[in-house]
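Encoded as structure tokens, the structure appears first; notes follow it.
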Amino acid sequence: MLDIKLIQNDFDTVCEKLRKKKVDEALLEQLRTLSLELKKQRALLEPLQAEQNAKSKLFGIYAKEGKNISELKEELSQNKSKVAFINDIVKELEEKLEAMALVVPNMPDDSVPDGEDENDNVEIRKVLTPRVFNFTPKEHWDIDIKQNLIDFERGVKLSKSRFSVLKNEAARLERALINYMLDFNRSRGFHEVAVPYIVNRETLMGTGQLPKFEDDLFKIEGEELFLIPTAEVPVTNLYRDEILNKEDLPLKMTAYSACFRKEAGSAGKDTRGMIRQHQFDKVELVCITTPEQSEAVFEEMLTCASELLTSLGLPHRHLMLCGGDLGFGASKTVDLEVWLPGQNRYREISSVSNTQDFQARRAKIRFRDDKKNRLVHTLNGSSLAVGRTLIAIMENYQNEDGSISIPEVLKKYM
RNA sequence: GGACAGGUGGGUGAGUUGGCCGAAACCACACCCCUGCUAAGGGUGCAACGUCCAAAAGGCGUUCGAGGGUUCGAAUCCCUCCCUGUCCGCCA
């Protein structure tokens, strides 16, 4: 959520920044008008409430002293209906404002480049050079034919399309990767947490998935509960409605979880293979910092994810997302894309974002800074998407005979 | 899932014949003083959010699990929901 006061006081700046994200200015204007109207109505309401409170107090005193209270009672009854009338207006405005404010995306950081969509993202750097094959590298589903590693058909039988079953070496590799990633992150100072995969509405509001993106989530029938689309949701919300000690920041956490996404907007995309599934494993990094720390921690998270890929020998590149491609809650995002020789292209395997105080304001995560309560900054990043890492290893480490080598660092985990 | 008991500030916890309670006391924490040697004594401050004020101080409003209701007035009464504890049932 944006700072309403900022919209009130520095409207032009907010518009200017949100132009990068293609946000309708009329909506912002409406938001401002509404917030100012609410402020005005509150200013009308509060003196009336004060009067009601003061006279009600008098009422008690008069009654005790045996004074005549019928006149006072009449005044109070009349004032009561006035209060009720304006209070209704205020509540309605509050609800409208809240509903509107919750669907406005975060403002991009100044460092975010302009752009329409993913084609305008800016490559920052490449890490490791893709291996030169002396045969034509296969895509992961073709390698699989010989190895019997991923059972797409039976995944569909059990559930539906975009589900799959890992078998044999693939299942073991998946498990090894999770352990390796968690250990790696832990060695970088991230504390491991294990969190629920089913969360409530408030939690999803806190990180911004709701109310706008309900269609992307699997909902538990008959309950106000949802399957998490990423561990970012429960881990960030760990500190929802809390005021943290400044000395405890930054909080650096890592969590493994399964993730569940409807992929509602992805019809026809990546239908083949294991790139885009309804259920996938991910090891996530989540940090909670002071505003002063967040930029440095962002770099730390990015470095962690990138070096994790490097340690696995996987060539990748850093991509700064442009304004048009930036997610709803992010003020800044760098994607890591891994080289897939079978597909002959880079594909997203990690996404590190700073949401600054956007989630913190929604989730009311604050810290005490010399007697003042300030909003924290929250950051999240994958390190890494496990299924895609599995694919990347299959494609990058494939041999001509269809076998797959195991990266050195993973051997002790297998 | 059933029965009973409860949900109050960072913690424990008082408050339940509605008004003097946004809230005693204790602990924790912060600052100050005293003392002087390792163990204590005294004082002050200490819920959140919003709003007014240039700011501080302070004033006002809202909030005692959430939402509604009764009332001039509700932490206190009524209703619904959520959660926690205990016992029972079920179960990895």
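We name chains A, B, ... by the order of the sequence lines, and we start the count at 1 in each one. Any value given below was found using the heavy atoms of this structure, including those in side chains, with hydrogens, waters and symmetry copies removed.
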Contact class for R201(A) vs. all strands (heavy atom < 4.0 Å): base, sugar-phosphate, or nothing?
nothing
5'-most contact on RNA chain B (nearest-nucleotide basis), K39(A) vs S77(A), goes to K39(A)
Kindly point out which of C72(B), A48(B), U62(B) is positioned nearest to the side chain of N53(A)?
U62(B)
Whole angstroms only, please: what is the CD1-C1' distance between I243(A) and A47(B)?
8 Å
Between C33(B) and A74(B), how far apart are the two P atoms, rounded to whole Å?
45 Å
Round to the nearest Å and state the distance from L38(A) atom CG to G50(B) atom P.
13 Å
Given the P atoms of C27(B) and G42(B), what is the spacing between them in whole Å?
10 Å
Using a heavy-atom cut-off of 4.0 Å across all strands, would you classify K5(A) as base, sugar-phosphate, or nothing?
sugar-phosphate
Looking only at the side chains, is there a donor atom on one of S164(A) and Q277(A) sitting less than 3.5 Å from an acceptor on the other?
yes
Mind calculating the distance between CD (E95(A)) and P (U62(B)) to the nearest angstrom?
18 Å
Check whether Q209(A) reaches the backbone of L217(A) with its side chain - one donor and one acceptor, N or O, closer than 3.5 Å.
no
Return the value, rounded to whole Å, for the distance between atom CG of L48(A) and atom P of U62(B).
11 Å
Whole-Å gap separating C1' (C49(B)) and CD1 (I4(A)):
14 Å
Carboxylate-amine/guanidinium proximity below 4.0 Å for R345(A) and E337(A)
no
Taking the C1' atom in each of G45(B) and G10(B), what is the distance between them to the nearest angstrom?
15 Å
Distance between C1' atoms of C46(B) and C4(B) (Å, rounded):
38 Å
Distance between the P atoms of A14(B) and G89(B), in whole angstroms?
31 Å
